[in-house]
Amino acid sequence: MSLPKRVVLVGPMGAGKSTIGRMLAKELGYRFLDSDRIIEERCGANIPWIFDVEGEDGFRQRETAMLAELSQYPQTVLATGGGAIMREENHAHLKRDAIVVYLKTSIDQQVERTRRDRNRPLLQNDDPAAVLRNLFAIRDPIYTELADIVMFTDRKSPRLVVRQLVNRINPRTPKHKRQIRKEGRNHA
Ligand code: S3P
């Protein structure tokens, strides 16, 4: 299997999409794109502000336009927001020439990883765990349906997740890299 044009990471808040995406991009020699961060840069405002002023609907419109644009670039790892799969029109953008990876994570881990976060408007309430549980019930089947690879991230370091992903995406890469390293040593 040769490398895909794009690797698209989907999954809930707190799954580690940005951390893992950045490391995976480095490993594959791809460019890393984070849809939420680019929306914020373009808008000149953070996500809570966008939700506040334009509502979730306004944010979703920006997200759809952003995914349509970002799905054009080759050799990229794209981290998406947890709700990017909720609009069916986004699915074609997410899947275009891509391997879609679902970073699957337990509710406990999601709660733990988002505990101190103030940048996620959907979790700024008395019971973020209940919100995450509800979202999981709705979204897990959609993530699963879209995904080419389902990767569990609980109790795994980002480094381990990335290693396992590289093996799944392109089984030849590690061997090939080992070969290059070996040749480098022989010529030293
Ligand atoms: C959202 C997830 C967030 C962000 C927005 C909405 C969601 O992204 O897009 O706050 O609906 O799950 P992360 O999954 O990167 O936190």
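Whatever order the structure lists ligands and atoms in, that order sets their numbers, starting from 1.
Shown in contact with Pro121 at under 4.0 Å from a heavy atom are these atoms of ligand 1, numbered in order with element: 10 (O). Near Leu122, meaning under 4.0 Å from one of its heavy atoms, ligand 1 places the atoms 7 (C), 11 (O). Listed by number with element, the atoms of ligand 1 under 4.0 angstrom from any heavy atom of Phe59 are 9 (O). Atoms of ligand 1 found under 4.0 Å from any heavy atom of Met13 (numbered from 1 in listed order, with element): 2 (C), 12 (O), 13 (P), 14 (O), 16 (O).
Of the protein's heavy atoms, Arg120 NE, 2.5 Å lies nearest to atom 16 (O) of ligand 1. Protein heavy atom in closest approach to atom 3 (C) of ligand 1: Asp36 OD2, 3.6 Å. Atom 14 (O) of ligand 1 has Lys17 NZ, 2.5 Å as its closest protein atom, hydrogens excluded (heavy atom only).
Atom CD of Gln72 is surrounded by more than 12 heavy atoms from other residues, nucleotides or ligands within 6.0 Å.
For the residue pair Arg113 and Gln109, a side-chain donor N or O sits within less than 3.5 Å of a side-chain acceptor on the partner. One side chain, Arg96 or Ser71, offers a donor N or O that lies under 3.5 Å from an acceptor on the other. Between Ser35 and Thr80, the side chains place no donor N or O within less than 3.5 Å of an acceptor N or O (distance only, hydrogens not considered). There is a side-chain donor-acceptor pair under 3.5 Å between Tyr102 and Asp140.
Closest to atom 11 (O) of ligand 1 by heavy atom, among Met86, Arg60, Glu63, is Arg60.
Distances between N or O atoms of Gly82 and those of ligand 1 include at least one value under 3.5 Å.
For the pair Arg6 and Tyr73, the cation-pi test (distance below 6.0 Å, angle within 45°) is failed.
The closest approach between Arg139 and ligand 1 falls below 4.0 Å for a heavy atom of the residue.
Of all heavy-atom pairs spanning Ile20 and Val162, the tightest one is O-CG2, 3.8 Å.
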